[in-house]
Number of protein chains: 2
Amino acid sequence: MLSPIRTQSFEPTVHLDGGLDAVLAMPCACPRFARDEEIFGEGETADYVYQVVSGAVRTYRILRDGRRQIDEFHFAGDHFGLELGEAHRVTAEAMTDTTIRMIRRGALSDLAARRGDAARAILRLTAEGLQRSQDHVLMLGRRSACERVAGLLLDIAERTHAKAELDVPMSRQDMADYLGLTIETVSRTLTSLQDEGLIALPSVRHVVLQDRRALERMTA
Amino acid sequence: MLSPIRTQSFEPTVHLDGGLDAVLAMPCACPRFARDEEIFGEGETADYVYQVVSGAVRTYRILRDGRRQIDEFHFAGDHFGLELGEAHRVTAEAMTDTTIRMIRRGALSDLAARRGDAARAILRLTAEGLQRSQDHVLMLGRRSACERVAGLLLDIAERTHAKAELDVPMSRQDMADYLGLTIETVSRTLTSLQDEGLIALPSVRHVVLQDRRALERMTA
DNA sequence: CGACACTTTGAAGAGGTTCAACTGGTGTGG
DNA sequence: CCACACCAGTTGAACCTCTTCAAAGTGTCG
């Protein structure tokens, strides 16, 4: 919304490291979003593909009666909003103050048509999303509340490159709606993990992983 | 396993109807699998991509303690086993006697490298899988047992092009492991749907949708 | 016909939800 | 600078859905 920033690089250096970054170092808008601000809505035309520069984003869907399911959390470097069809299937919101890179979808498909590595990068992004979604299915279908919470904490640690101390960008409600639980169950589970000495909760949005090994055992 | 059959068409007619069929009408092995026979196992090298010719397939993962989560059911025409990495992330088994088309992965990536429409078809397949997985997440995260069962029945109907009478190729255990429930809950839910007059159960593997409208209301 | 596997049904139990009250941190205004 | 309000999070107790364990029923195949 405020002060769109533009990148300068025009000649992309092709590392072919698998990401889109190499082939997509084209100038593009980088707007900022405040906490809880909507980036795009379910059903809107998908004219752009997005990348988190800094901050964190949730994508979700809502049932008629208000039940919400968070599909995915997106952290710095992650792409989101890539669609097969015309419209976005989810709503995207910033979880904290967030900077987003926007890539015109047309530019992307042009690039993919011209360059095999770009097409492959898009395929890889989609396939990675599929893998993550399959892991999510396994979590929701066959894991207990405790295993789910432990899994989420480890996932956040890995994806934000945190060691023991986690900055948790999401609210308890966000966690609950990602894990298919209620806010109360998430809260209770966190305190019981704390009581068992597996984690510490110095503040609401900070978690310290005190026994990562034990947490990993729960999720394996 | 028995009597691999080979298709004859060499010159593909390119309809570009979005499927891989148009660009992939190449000769390939079409083995048959008996009910419950494994097609490939989790962790095995992914040398092939598969397509259901007739029958039905389940893909699943198993946790250490034996809990199973079925990732997806695949019906005639569906592709499966398409992987980003080297290895299969799931196990695939025939649910009934099934014929499968096997496509060498190398041939597929060669084709994708040469032809943009093939690359796009592969992307589309992956993206459709992602959409289905996201729907699955919503189901497991935020729907009741009843809504899940109703949703599965409608999904089977749609994907097998059945009208009111469904041939259900999977066992109650398969349904349960797809829906994140137990076999008993699935059974009880089906009988209660029958009691309410929404479905009929002429035999274990046959379901008649008697009030599709009502079923759809449950899943919307 | 009988054996076996799968399904259904029943009763008791557990995990997670719901509803309600309380706590704690944050921000604002007097 | 403190007081108060407000909101997110936590905790407690009752409840409910789904699970677990057990037994009976159904269908299939030798």
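Residue numbers start from 1 in every chain, and the chains themselves are labelled A, B, ... in the order their sequence lines are given, proteins ahead of strands. Keep in mind that the numbers below use all heavy atoms, side chains included, and drop hydrogens, waters and symmetry copies. Keep in mind that what you see is a predicted model, and the values were worked out from it rather than measured.
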Exercise. Would a 4.5 Å heavy-atom cut-off, applied to side chains only, mark D195(A) and L193(A) as touching?
Worked result: no

For this session: Measure from NZ or CZ of R68(A) to the centre of the six-membered ring of Y60(A) and say whether it is under 6.0 Å with the direction within 45° of the ring axis.
Result: yes

Seminar exercise, completed: First and last nt of DNA chain D near chain A, cut-off under 4.0 Å to heavy atoms, 5' to 3', are dG9(D) to dA13(D)

For this session: Return the 5'-most residue of the pair G180(A), T191(B) with respect to DNA chain C, ranking by each residue's nearest nucleotide.
Result: T191(B)

Exercise. Among residues 142-154 of chain B, which residues get a heavy atom nearer than 4.0 Å to DNA chain D?
Worked result: S144(B), A145(B)

Exercise. Counting distance only, does the side-chain N/O of R67(A) pair as donor-acceptor with the main-chain N or O of R142(B) below 3.5 Å?
Worked result: yes

Problem set entry | Lys/Arg N to Asp/Glu carboxylate O, R58(B) vs D174(B), below 4.0 Å | yes

Exercise. Checking all strands, does L181(B) fall into the base, sugar-phosphate, or nothing category for heavy-atom contacts under 4.0 angstrom?
Worked result: sugar-phosphate

Seminar exercise, completed: Result for ring pair (Phe, Tyr, Trp, His ring centres under 6.0 Å) between H74(B) and one of Y50(B), Y178(B), F80(B) points to F80(B)

Exercise. Quick check: does any side chain N or O of Q51(A) sit under 3.5 Å from a backbone N or O of G77(A), one acting as donor and the other as acceptor?
Worked result: yes

For this session: Could you tell me whether the side chains of T185(B) and T182(B) share a donor-acceptor contact shorter than 3.5 Å?
Result: yes

For this session: In plain terms, say whether R132(A) and D155(A) are close enough for a salt bridge, that is, a side-chain N and a carboxylate O under 4.0 Å apart.
Result: yes

Exercise. Contact class for S171(B) (heavy atom, under 4.0 Å): base, sugar-phosphate, or nothing?
Worked result: sugar-phosphate

Exercise. DNA chain C: E184(A) or V204(A), which has the more 5' nearest nucleotide?
Worked result: E184(A)

Problem set entry | Polar side chain donor-acceptor pair, S133(A) to H136(A), under 3.5 angstrom | no

Exercise. Under 4.0 Å between a Lys/Arg side-chain N and an Asp/Glu carboxylate O for R159(A) and E72(A)?
Worked result: yes

For this session: Anything under 4.0 Å to a heavy atom of chain A counts; send over the first and last such nucleotide of DNA chain C, read 5' to 3'.
Result: dG16(C) to dC19(C)

